[in-house]
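Being a predicted model, the structure only gives us computed values, none of them experimental. Both ligands and their constituent atoms are indexed starting at 1 by order of listing.
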Amino acid sequence: MRLILLGAPGAGKGTQADIVAEKYNIPQISTGAILREAMAAKTPLGIKVEEIIKAGSLVPDEDVVAIVRERLLQPDCRNGFILDGFPRTIPQAKALDQMLSEMGIAIDKVVSIEVGDEDIICRLSGRRVCQKCGATFHTAYKPSQKGDACDRCGDSLIVRKDDQEDVIRQRLEVYHQQTAPLKDYYAAQNKLRLVMGQEDLADTTALMEKALQD
Ligand code: AP5
């Protein structure tokens, strides 16, 4: 299965992608996570994008397209993949179509998780992430059983630098202007499925599952 997960920042793409990836045994490709790893390792790309990400803006199309091209060529993507956070602009979607056509494959479905802006602010201000393994929690909706430490690996949980309210609002604006138009792009290819994000994580997962079967 080859999937794209769309949705505003904090809509739950990473949370649901993690579940779908495990269920279908396909890799989850998060451009945000790859960029944060580059930032932590202080690679030339990481240094270049740090201020852009902290400000809540988008990294240039050519950088993320190059990341995804390299990742999709890895052997673990042969049986499918789930793209989380890519594409985010129409030029990225067009570059992906071109790349996949060169590889002789195509996206099966595009699922957009729909959540209102005020709920997003609540979700992101309660988000905690593991600085080592990247696992995501929420202080109210998905707390770690180990308090401020990660359930999965025991390392410390932190607040992401772009999860401050002013930056969240900027990310939402970028989403509405540049990423939301992708819904029409994929609807025109008859691949789009909308999933209304629920307050309960498991309820959203059940709706995702239905959208994938459909
Ligand atoms: P990225 O890491 O992709 O961030 P994002 O899209 O803003 O998405 P988030 O990771 O913030 O949220 P999510 O939808 O995964 O939600 P989550 O599951 O964590 O990108 C970061 C930055 O990198 C971008 O701003 C940009 O600068 C750059 N970038 C990345 N890709 C790029 C690209 N293609 N082009 C250009 N630049 C790019 O859930 C959020 C919280 O809510 C969690 O705490 C979770 O536990 C909780 N939660 C989840 N589901 C529910 C639920 N149903 N009910 C209640 N709480 C829930």
Side-chain angles (χ1 to χ4, degrees), residues 4-21 28-39 45-46 48-69 71 82-96 111-130 134-144 150-151 157-164 167-180 182 195-208:
I4 292 174
L5 263 192
L6 292 180
K13 300 182 296 295
T15 303
Q16 296 301 327
D18 197 33
I19 296 168
V20 172
Q28 168 191 357
I29 302 174
S30 159
T31 40
I34 295 170
L35 291 165
R36 279 187 291 280
E37 274 166 30
M39 276 160 49
L45 175 67
K48 174 178 174 184
V49 302
E50 182 149 16
E51 291 309 314
I52 300 176
I53 291 182
K54 273 196 209 156
S57 305
L58 291 183
V59 168
D61 289 336
E62 60 270 24
D63 291 317
V64 278
V65 167
I67 288 173
V68 171
R69 184 185 299 277
R71 185 64 188 86
I82 177 161
L83 287 169
D84 157 14
F86 180 92
R88 253 173 156 102
T89 64
I90 297 284
Q92 289 180 23
K94 289 185 173 164
L96 177 66
V111 178
S112 175
I113 305 179
E114 304 287 304
V115 177
D117 286 6
E118 291 311 312
D119 287 338
I120 293 282
I121 291 172
C122 165
R123 285 187 188 195
L124 289 185
S125 35
R127 174 162 63 183
R128 300 292 179 271
V129 291
C130 174
T136 300
F137 302 89
H138 191 281
T139 48
Y141 305 123
K142 192 188 170 193
S144 167
C150 176
D151 267 347
L157 300 182
I158 54 159
V159 176
R160 254 168 60 173
K161 290 196 175 109
D162 56 352
D163 278 349
Q164 313 297 331
V167 183
I168 297 170
R169 289 196 186 275
Q170 164 66 14
R171 288 161 63 202
L172 279 168
E173 201 177 314
V174 168
Y175 167 76
H176 290 299
Q177 278 179 8
Q178 300 197 53
T179 309
L182 289 176
V195 163
M196 305 315 286
Q198 306 294 306
E199 203 165 294
D200 189 297
L201 289 172
D203 290 343
T204 308
T205 306
L207 292 177
M208 280 278 302

So, for Ala8 and Ile120, which heavy atoms are closest and what is the spacing to 0.1 Å?
-> CB-CD1, 4.0 Å
Heavy atoms only: give me the nearest Val59-Leu35 pair and the separation to one decimal.
-> CG2-CD1, 3.8 Å
Minimal non-hydrogen separation, Gly56 against Gln170, with atom names | O-CG, 3.7 Å
Using the test side-chain contact (heavy atoms from CB on, under 4.5 Å), find all partners of Leu58 that sit at least two apart in sequence or belong to another chain.
-> Arg88, Thr89, Val174, Gln178
Who's touching ligand 1 if we go heavy atoms under 4.0 Å?
-> Ala8, Pro9, Gly10, Ala11, Gly12, Lys13, Gly14, Thr15, Thr31, Gly32, Leu35, Arg36, Ile53, Ser57, Leu58, Val59, Val64, Gly85, Phe86, Arg88, Gln92, Arg123, Leu124, Arg127, Thr136, Phe137, His138, Tyr141, Arg160, Asp162, Arg171, Gln198, Glu199, Asp200, Leu201, Thr204
Are any of the side-chain heavy atoms of His138 and Thr15 separated by less than 4.5 Å?
-> no
Compare all side-chain heavy atoms of Ile34 with those of Val64 and state whether any distance is below 4.5 angstrom.
-> no
